[in-house]
Amino acid sequence: MGLENPFLPYLATIKSTVELTPDVKLLRVELEDAAIRGSFDYKPGQFAFLSAFGEGEAPFGIVSLPRHQDDLEFAVRQIGTVTRALHELEPGDTLGVRGPFGNYFPLEDYAGKNMVIIGGGIGMAPLRPVINKILEQRDNYGNLLVINGARTPQDLVFRPEFQTWMEAPRTQLELTVDRGDEHWGGRVALVPDVLRELAPSPDNAIAIICGPPIMIHFTLAVLKGLGFKDDQIVTTLEAKMKCGLGKCARCNVGDKYVCQDGPVFTLEQISQFLEQP
Amino acid sequence: MNLLASKDNLIRWLDLLLHEHVVIAPVRVQGLTLFQPISKAEEVDLDFDNTTLPPKGWFLPPTETLFSVQRNDGQTKLVPAMVERDALIFGVRPCDARGIALMDKPLLQEPSDALYRERHARTVLVGLSCRQARPECFCTSMGSAPNDASYVDILLTEIEVGYIVQVTSKKGKMLLPESFTEYEGVLPTPPEPRAVPIKDVMPAMKGLFDDTYWERLADRCLHCSICAYVCPTCYCFDVRDYSDRGNIERVRSWESCQSSGFTRIAGGYNPRATKGSRLKQRFYHKLLYFPEQFQDIACVGCGRCIKACPVNIDIREIIDDLQQLEAKSGA
């Protein structure tokens with residue numbers, strides 16, 4: 001008899017891949033076991049480990065919305081050995097999926113609120129299901145402001161969806177890049193500066209932010225300057241994780257484990273024991 | 001009722017146990033005392049103050065396979081690792097037995113760690129009281145004692161005529177031979193290890209996260225991680241894939257928060273980039289985060305880290321410093 005071993009992933013198959021940017025691929029993944037596929041429920045903000053067998057396992061936010069399709073979607077940026085192996089997978093190839101893990105954005109609690117969503121680079125990945133969930137239930141929320149920054153126009157991850165986002169009612173999408181190119185007519189500015197200029201009101205608002213640590217650091221300062229309180233600022237933390245079970249202690253921050261207690265935290269919950277970048 | 005085993009009877013009992021168990025006991029190896037599987041009772045060396053390493057590796061091995069990946073005709077199959085042996089660990093010091101009880105808290109918490117849980121369920125602990133304290137011992141300040149029988153199945157205490165045998169569990173009771181006689185005498189007075197007052201350390205630490213103390217302390221740290229290696233309560237681990245000529249295994253191994261790769265994510269960002277932030281994590285996890293989560297300090301006072309540290313970083317001094325620092329800043 002086998003132990004039920006929490007390190008054992010579900011087997012899954014690559015259904016399709018889409019190149020989102022020069023270094024980000026969208027992987028559409030189908031769990032092999034139909035029963036597991038049917039019961040695999042998750043919420044925006046949760047993540048799963050993907051295994052490229054022989055190279056290892058790494059955590060990724062699930063960027064699809066549940067029940068829209070059986071396939072799970074992951075936006076994977078090629079940045080290390082596991083992600084390189086995941087990028088090499090082709091439709092029909094086998095990989096492992098372990099999850100879902102972690103908490104989620106408590107979107108029900110944000111009903112009626114104005115939403116400010118700020119994402120930098122691949123930090124947009126966990127925010128995509130949040131935006132799509134809000135748009136799906138548009139009447140439940142106030143104004144939606146999305147600020148999406150990237151190094152170059154080519155690095156804006158969810159370009160195919162921008163049109164839909166822009167045309168949604170009471171929704172403003174602001175794009176900005178560090179360096180433009182010959183086709184770019186938009187902003188060339190850093191995310192914190194764009195935020196300062198747009199100056200969304202903190203009244204009845206929630207800010208959700210995800211991106212590189214240095215962007216988060218300076219954006220938090222601007223949010224605080226605008227009057228956002230620590231309990232109005234929500235972030236999803238990226239951390240080294242190996243188990244997803246609150247055991248390996250790699251993602252320990254204070255008395256919290258990012259994999260179990262997070263990855264979604266209000267600034268109020270974690271600011272005391274976070275190292276400054 | 002306690003029992004008494006003469007030294008000869010103890011040896012005979014050990015030989016008997018060897019028929020049905022893998023017996024792991026302190027053995028003298030090249031100047032070190034290590035827990036190793038034995039094949040006859042004479043190999044055991046009970047004349048030690050404490051073993052060089054705690055017995056944690058028999059519960060959480062330094063390296064172990066979690067599952068292997070089999071590929072046949074394009075089909076992938078995952079084969080989970082199994083625990084195959086019943087084990088008896090002989091001669092465990094009370095502090096180290098408490099170390100196992102502390103590791104249980106994170107590792108047995110649901111969803112429990114299957115391999116650890118299985119190995120734990122199939123292991124019996126026979127403890128050995130300490131008749132003297134080492135200079136670096138401070139177990140009584142950390143919730144244990146030289147004669148603490150709480151975390152073992154059987155506790156042996158050496159006296160002139162043999163060993164007093166205290167049985168604390170059903171598992172232990174089932175192992176006893178008939179040759180042990182009843183013992184009506186008193187238990188010897190345990191030694192008194194040094195006291196390390198710790199009452200104010202948790203509240204003190206809450207205010208010292210950004211203190212320069214940590215970088216100053218870490219200046220001399222070589223981040224060799226020996227402190228985690230010898231610690232009976234350090235349980236952090238790494239998980240990696242190993243492949244060799246088509247054989248793929250997912251492997252877990254010990255890892256330490258003192259290594260710079262511990263928190264470094266793909267792409268190179270490291271939230272704990274400095275030695276100070278990493279050394280701080282060691283002591284915050286042991287003295288604040290773990291107690292907040294599980295109500296116990298993640299230290300048993302065995303003193304191995306103090307003895308092993310090449311630059312004399314001493315957890316007792318740190319505990320004292322933190323309380324002094326906070327008292328000063330509060331005054």
Side-chain angles (χ1 to χ4, degrees), chain A residues 1-11 13 32 49 51-59 77-85 92-96 122 212-214 237-257 260-261 272-277, chain B residues 66-67 69 71 74-83 106-107 109-118 206 209-210 234-243 246 248 250 252 255 257 261-274 277 280-281 284-285 288-293:
Chain A
M1 198 197 84
L3 309 163
E4 33 61 69
N5 182 335
F7 289 98
L8 215 56
Y10 303 129
L11 291 175
T13 310
E32 282 182 6
F49 286 87
S51 282
F53 295 118
E55 286 299 339
E57 193 180 49
R77 180 175 174 212
Q78 188 184 316
I79 186 112
T81 49
V82 173
T83 51
R84 186 181 311 125
D93 284 349
T94 300
L95 74 166
I122 192 62
I214 201 73
L237 284 186
E238 187 175 19
K240 182 97 157 198
M241 295 178 191
K242 287 290 181 172
C243 72
L245 309 166
K247 306 202 187 302
C248 76
R250 308 296 283 267
C251 66
N252 173 235
V253 177
D255 65 339
K256 307 269 190 294
Y257 289 83
Q260 293 257 302
D261 305 307
Q272 192 186 359
F273 295 111
L274 264 191
E275 298 287 351
Q276 298 302 314
Chain B
L66 298 171
F67 62 83
V69 183
R71 281 179 170 146
Q75 292 292 307
T76 303
K77 206 179 145 207
L78 307 180
V79 183
M82 306 287 285
V83 174
L107 296 178
Q109 177 178 253
E110 289 301 326
S112 69
D113 189 302
L115 287 167
Y116 179 89
R117 186 188 63 219
E118 183 75 1
K206 288 185 181 172
F209 190 79
D210 295 317
C234 275
Y235 61 91
C236 293
F237 58 83
D238 190 27
V239 178
R240 282 170 192 271
D241 281 10
Y242 281 95
S243 55
I248 298 173
R250 183 149 296 163
R252 154 166 64 195
E255 169 63 305
C257 58
F262 189 77
T263 49
R264 187 173 55 231
I265 56 176
Y269 176 70
N270 190 354
R272 289 201 283 271
T274 65
S277 62
K280 176 167 65 175
Q281 170 66 17
Y284 268 79
H285 193 200
L288 182 63
Y289 306 154
F290 195 93
E292 280 179 334
Q293 206 182 354

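Chain identifiers are assigned alphabetically (A, B, ...) following the order of the sequence lines, protein sequences preceding nucleic acid strands; residue numbering begins at 1 within each chain.
Put simply, of A:L11, A:D93, A:T83, A:N252, the one with the most heavy-atom pairs under 4.5 Å next to chain B is A:N252. When B:F290, B:F67, B:F262 are compared by the number of non-hydrogen pairs under 4.5 Å with chain A, B:F262 comes out ahead. Among A:G80, A:C248, A:A249, the residue making the largest number of heavy-atom pairs under 4.5 Å with chain B is A:C248. Ranking B:L78, B:N270, B:V69 against chain A, the residue ahead of the rest is B:L78, based on heavy-atom pairs under 4.5 Å.
In this view, A:E32 and A:T13 satisfy the side chain to side chain donor-acceptor pair (under 3.5 Å) rule, not counting sequence neighbours. Among residues two or more places apart in sequence or in another chain, the side chain to side chain donor-acceptor pair (under 3.5 Å) test is passed with B:E255 by B:S259.
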**Request:** Could you walk me through whether B:R252 and A:F7 pass side-chain contact (heavy atoms from CB on, under 4.5 Å), step by step?
**Result:** CA-CA 10 Å; B:R252 154 166 64 195; A:F7 289 98; 3.8 Å; yes
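Note that CG of B:L288 and CG of A:D255 are 7.5 Å apart. Values are rounded to the nearest 0.5 Å. Between the CZ atom in B:R250 and the CG atom in A:N5 there is a gap of 10.5 Å [rounded to 0.5 Å].
No part of B:Q75 comes within reach of chain A, as not one of its non-hydrogen atoms sits under 4.5 angstrom from that chain. Proximity to chain B is absent for every atom of A:F49, based on heavy atoms less than 4.5 angstrom apart. In this structure, the portions of B:P111 lying under 4.5 Å from any heavy atom of chain A include both its backbone and its side chain. Contacts between A:P9 and chain B at a heavy-atom distance below 4.5 Å involve backbone atoms as well as side-chain atoms. With a threshold of 4.5 angstrom between heavy atoms, B:K206 approaches chain A through its backbone and through its side chain. Neither the backbone nor the side chain of A:T81 comes within contact range of chain B, judged by heavy atoms closer than 4.5 Å. Interface remark: A:E55 contributes backbone atoms only to the contact with chain B (heavy atom separation under 4.5 Å). Only the backbone of A:A52 comes within contact range of chain B, with heavy atoms under 4.5 Å apart. Only the side chain of B:R71 comes within contact range of chain A, with heavy atoms under 4.5 Å apart. Neither the backbone nor the side chain of B:T274 has a heavy atom closer than 4.5 Å to any heavy atom of chain A. Heavy atoms of B:Y284 lying under 4.5 Å from chain A belong exclusively to its side chain.
With hydrogens and angles ignored, the 3.5 Å screen pairs no side-chain donor or acceptor of A:K240 with any backbone N or O of B:I265. The closest donor-acceptor contact from the side chain of A:K242 to the backbone of B:R240 lies at 3.5 Å or more, if one exists at all. Looking at A:R250, its side chain does come within 3.5 Å of a backbone N or O of B:F237 through a donor-acceptor pair.
Looking at heavy atoms from C-beta onward, B:Y269 lies out of side-chain contact with A:E238 at the 4.5 angstrom threshold.
When all heavy atoms are compared, the tightest approach of A:G54 to B:D241 is N-OD2, 2.9 Å.
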